[in-house]
Number of protein chains: 2
Amino acid sequence: MAKRVTINDVAQAAGVSRQTVTRAINDMGEISEQTKQRVLEACQRLGYRPSRFARNLVVRKKTRAMGYLVASFRNPYFTEIAGDLLSTAAERGWHVVMASTETEDEASALDMLSGQVDLFIGHFGQDDGDLVKAGRGLPLVMLERTGCLPGMHSVEVDMREGVREAIEALRGAGARRIGMIDSAYSLRNSPTYVPSPRCGYFAEFAGPESAKRIAFDEESMAGGGQAFAELVRAHPDMDAVLVFNDLMAIGAVQASHALGIDVPGQVRICGIDGLTLGEAVHPTLTTVSIDRHALVTNALDIADALAAADFAELPPMRRTVRPRMLWRESA
Amino acid sequence: MAKRVTINDVAQAAGVSRQTVTRAINDMGEISEQTKQRVLEACQRLGYRPSRFARNLVVRKKTRAMGYLVASFRNPYFTEIAGDLLSTAAERGWHVVMASTETEDEASALDMLSGQVDLFIGHFGQDDGDLVKAGRGLPLVMLERTGCLPGMHSVEVDMREGVREAIEALRGAGARRIGMIDSAYSLRNSPTYVPSPRCGYFAEFAGPESAKRIAFDEESMAGGGQAFAELVRAHPDMDAVLVFNDLMAIGAVQASHALGIDVPGQVRICGIDGLTLGEAVHPTLTTVSIDRHALVTNALDIADALAAADFAELPPMRRTVRPRMLWRESA
DNA sequence: CTGTTAGCGCTTTCAT
DNA sequence: ATGAAAGCGCTAACAG
């Protein structure tokens with residue numbers, strides 16, 4: 001590996017001092033146009049690139065950076081959050097370094113980014129201990145989950161309340177035999193299916209006999225369609241279904257056409273998330289809407305608080321966002 | 001602004017030297033468990049966070065970072081590219097700092113990131129000059145566009161060929177009076193609508209009389225639906241329409257239901273992009289598909305080449321990706 | 001207008 | 001097992 005071209009090399013080549021080189025490349029004035037050109041020409045010739053680390057080290061202006069772990073780029077729920085986070089973070093003077101945990105595991109993503117950022121934000125799935133270790137002890141702002149270790153902060157979504165409201169609303173609309181389509185996400189970490197928290201709340205509020213009407217599949221439109229077909233076949237009398245997320249719910253709505261099932265006449269479908277995309281299907285998707293903007297804003301408030309304390313370990317901060325029913329056509 | 005807590009402060013507080021602190025916080029061994037604990041406790045107490053800049057400055061391992069400007073998080077085309085870029089970049093040892101240019105303009109995004117990254121990648125819209133200036137002369141890898149200034153590299157998509165093929169295919173399927181739905185994006189920078197390049201190719205291949213059958217609207221499903229309605233009203237005899245992108249095309253397909261127009265029987269609809277989402281509508285969307293993965297891979301090849309040259313100014317590199325028809329049901 | 005001096009905060013030798 | 005010295009590459013503050 002050839003030695004790096006530094007400001008000294010350029011200074012020497014141009015026959016000036018380092019300081020003059022600095023003045024030229026940052027056009028700071030106090031330099032004659034002639035020498036400036038000579039210096040810039042030397043930079044060009046030597047292929048000089050200033051070290052961003054050296055510069056940031058010496059410049060007082062503190063640049064704050066957060067690492068954001070994106071769970072999936074295939075689910076608009078996460079990309080909408082990413083977009084919101086990016087623009088809001090920029091407004092508040094944050095840089096956002098992103099990593100995808102779709103292919104890579106969370107720990108290695110944290111590990112990779114730990115030298116580049118001041119804190120992490122994301123929807124985390126791994127164990128608390130692994131996370132702080134991989135993150136080199138940097139603060140973590142956890143979305144839709146609570147952590148128990150020091151340095152872990154969180155923005156929760158009160159999904160228990162959301163599910164309760166949805167079940168109640170479906171009942172109010174006349175539904176009697178409600179089913180649920182759950183995510184098979186747990187299969188990624190465990191050999192056997194474990195109901196998601198959302199599914200747990202469903203069981204809690206929909207009553208014990210409804211626990212039979214549960215199907216699970218991968219978190220995609222196709223998965224949702226699949227599970228819906230399965231559920232309808234096994235329980236022809238089912239008159240409503242709560243779906244783990246909108247992506248799967250949209251798949252269920254699509255599948256209903258192929259299966260010749262009238263929605264909401266025969267079966268009511270209710271998703272969770274509140275995606276805009278839910279308006280693109282027929283019938284449009286009724287859903288438990290999560291306020292993504294509030295989620296992001298709360299997370300950034302925590303980030304700002306941490307920054308104000310120079311990222312020292314602070315007592316855990318917790319915020320909660322309350323979802324609300326978004327009544328459209330499918331239920 | 002309180003002075004930053006440095007390694008020296010910790011060393012002093014723990015009654016050891018800086019090096020010992022380094023050993024403790026990076027668990028490097030050659031240190032007694034006892035002093036290590038004492039040092040870590042002091043770190044905790046003082047709220048010490050190592051400076052990532054100082055560390056990166058002195059560590060030999062070079063970390064490479066790219067700035068990626070995302071045009072929109074509301075169009076899956078861009079988020080799919082983002083996801084692909086993120087995972088591929090991680091594999092190749094790159095960090096990706098992202099900024100959204102949906103709310104912020106490109107120049108200020110570049111300016112903001114210029115101190116944090118080694119090069120930029122993105123779908124750029126602004127003038128070459130503004131871009132290099134805002135990017136502080138860092139190399140730019142432009143997606144679906146060519147730049148003329150030194151330091152600008154690009155991965156083009158041969159959309160002229162793509163549109164030619166689409167028009168030909170529509171003609172081959174029997175279409176005679178083809179229209180186009182264009183993006184109104186130009187209105188963002190100019191006071192009056194300017195046809196996009198895609199629309200230019202359309203005019204070139206669809207013949208002069210088709211130039212009357214052009215409508216434009218914002219790049220969204222709603223915009224596509226709007227434009228489709230407008231076009232159908234003005235030209236009831238139109239038998240096919242090429243749409244600027246899949247998002248708008250999906251909107252057009254949705255609108256066709258409301259308008260009672262049979263697709264493809266009455267009007268054939270062909271999008272551009274090749275989104276997976278095109279399979280979620282009925283009828284599924286025929287489209288000119290762009291290989292996003294190839295786009296990203298080519299961009300990263302260029303990035304790697306630049307990194308290999310320590311980001312010195314290299315002669316412009318250009319790659320081209322060829323789109324291909326993806327024949328589904330809507331045309 | 002240009003050069004000199006003095007660090008930024010950390011890790012790497014190399015002693016001890 | 002610990003400490004001292006020597007920078008990493010750059011810019012701020014002052015001289016001249």
Side-chain angles (χ1 to χ4, degrees), chain A residues 1-40 42-43 46-63 114-116 118 136-137 310-312, chain B residues 1-40 42-43 46-63 65 114-116 118 136-138 310-312:
Chain A
M1 175 171 54
K3 212 179 89 40
R4 172 178 190 123
V5 179
T6 77
I7 197 171
N8 285 309
D9 302 325
V10 176
Q12 191 167 3
V16 295
S17 71
R18 299 192 304 212
Q19 196 45 250
T20 303
V21 177
T22 291
R23 288 187 182 106
I25 59 179
N26 297 342
D27 31 35
M28 301 165 56
E30 305 199 333
I31 183 175
S32 74
E33 190 57 31
Q34 185 186 348
T35 47
K36 181 168 167 180
Q37 287 314 320
R38 187 154 41 93
V39 170
L40 291 179
C43 289
L46 301 184
Y48 167 69
R49 290 292 172 187
S51 153
R52 56 177 206 269
F53 298 120
R55 180 176 276 159
N56 278 294
L57 177 58
V58 77
V59 164
R60 305 301 289 165
K61 190 186 93 199
K62 46 167 114 186
T63 55
S114 61
Q116 307 294 315
D118 303 307
R136 270 176 159 260
D310 280 321
F311 305 102
Chain B
M1 174 171 54
K3 211 179 89 44
R4 172 179 191 122
V5 179
T6 76
I7 196 172
N8 286 308
D9 302 326
V10 177
Q12 192 168 2
V16 295
S17 71
R18 302 189 303 210
Q19 299 63 338
T20 304
V21 177
T22 291
R23 289 185 182 106
I25 59 180
N26 298 341
D27 34 32
M28 300 166 56
E30 305 200 331
I31 183 176
S32 74
E33 191 58 32
Q34 184 187 346
T35 47
K36 180 168 166 179
Q37 287 314 321
R38 187 154 39 94
V39 170
L40 291 178
C43 289
L46 301 185
Y48 167 68
R49 290 291 174 189
S51 153
R52 54 179 210 268
F53 298 118
R55 180 175 276 160
N56 278 294
L57 177 58
V58 77
V59 162
R60 308 297 292 163
K61 190 185 93 202
K62 44 167 115 186
T63 57
S114 61
Q116 307 294 315
D118 303 307
R136 270 177 158 259
L138 291 179
D310 279 320
F311 305 103

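Naming: A, B, ... by sequence-line order, numbering from 1 per chain. Predicted, not measured: the structure shown is a model, and the values here were computed from it.
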Give every donor-acceptor pair under 3.5 Å between a side-chain atom in residues 8-25 of chain B and any protein atom, sequence neighbours left out.
from  : atom 1 : to    : atom 2 : distance (Å)
B:D9  : OD2    : B:T6  : N      : 2.8
B:S17 : OG     : B:T20 : OG1    : 3.3

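Every residue meeting the side-chain hydrogen bond (donor to acceptor under 3.5 Å, both in side chains) condition with A:S32, not counting sequence neighbours, appears here in chain and number order: A:T35. Considering only residues two or more places apart in sequence or on other chains, A:R52 meets the salt bridge (charged side-chain N to carboxylate O under 4.0 Å, His left out) condition with B:D118. B:V59 is linked by a side chain to side chain contact (heavy atoms under 4.5 Å, CB included) to B:R55, B:K61, counting only residues two or more places apart in sequence or in another chain. Under the side-chain hydrogen bond (donor to acceptor under 3.5 Å, both in side chains) criterion, B:N56 pairs with no residue at all, not counting sequence neighbours. Every residue two or more places apart in sequence or in another chain was checked for a side chain to side chain contact (heavy atoms under 4.5 Å, CB included) with A:A312, and none qualifies.
For the pair B:R55 CZ and C:dT12 C1', the computed distance is 14 Å after rounding to whole Å. Residue B:F53 contributes atom CZ, which lies 15 Å from atom P of C:dT11 at whole-angstrom precision. Protein atom CD1 of A:I7 is 11 Å distant from nucleotide atom P of D:dG9, rounded to whole Å. At whole-Å resolution of the value, CG in B:L57 and P in C:dG9 are 12 Å apart. Distance B:N8 CG to D:dA4 P: 12 Å, rounded to the nearest Å. Rounded to an integer number of Å, the gap from B:Q12 CD to D:dG3 P is 13 Å. Rounded to whole angstrom, the span from the CG atom of A:D9 across to the C1' atom of D:dC10 amounts to 13 Å.
Judged purely by atom type and a 3.5 angstrom limit, B:R49 uses its side chain to pair as donor or acceptor with the backbone of A:F311.
Each salt bridge (Lys or Arg N to Asp or Glu O under 4.0 Å) pair with one or both residues in residues 26-36 of chain A, not counting sequence neighbours, appears once here: A:D27-A:K36.
Within 4.0 Å (heavy atoms only), A:N56 reaches no atom of the nucleic acid at all. Among the protein residues, A:T22 comes within range of the nucleic acid bases, having at least one heavy atom under 4.0 Å from a base atom.
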Do any N or O atoms of the protein come closer than 3.5 Å to N or O atoms of nucleotides 1-5 of chain C, and which pairs are they?
from  : atom 1 : to    : atom 2 : distance (Å)
C:dT2 : OP1    : A:S32 : OG     : 3.4
C:dT2 : OP2    : A:S32 : N      : 2.8
C:dT2 : OP2    : A:S32 : OG     : 3.3
C:dT2 : OP2    : A:T35 : OG1    : 2.7
C:dT2 : O4     : A:R23 : NH2    : 3.4
C:dG3 : OP2    : A:S17 : N      : 3.0
C:dG3 : OP2    : A:S17 : OG     : 3.3
C:dG3 : OP2    : A:T20 : OG1    : 2.7
C:dG3 : N7     : A:R23 : NH1    : 3.4
C:dG3 : O6     : A:R23 : NH2    : 2.5

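You'll find that the side chain of B:Y48 is closest to C:dC10, out of C:dT12, C:dC10, D:dC10. The side chain of B:I25 approaches C:dT11 more closely than any other nucleotide in the set D:dT11, C:dT11, D:dC8.
The distance from the CZ atom of B:R4 to the OH atom of B:Y48 is 7.5 Å, given to the nearest 0.5 Å.
Each end of the helix from C:dC1-D:dG16 to C:dT16-D:dA1 gets its own axis from five base pairs, and the two axes differ in direction by 30°, given to 10 degrees.
Contact between the side-chain N/O atoms of A:N26 and the OP1/OP2 oxygens of D:dT11 is found at a separation under 4.0 Å.
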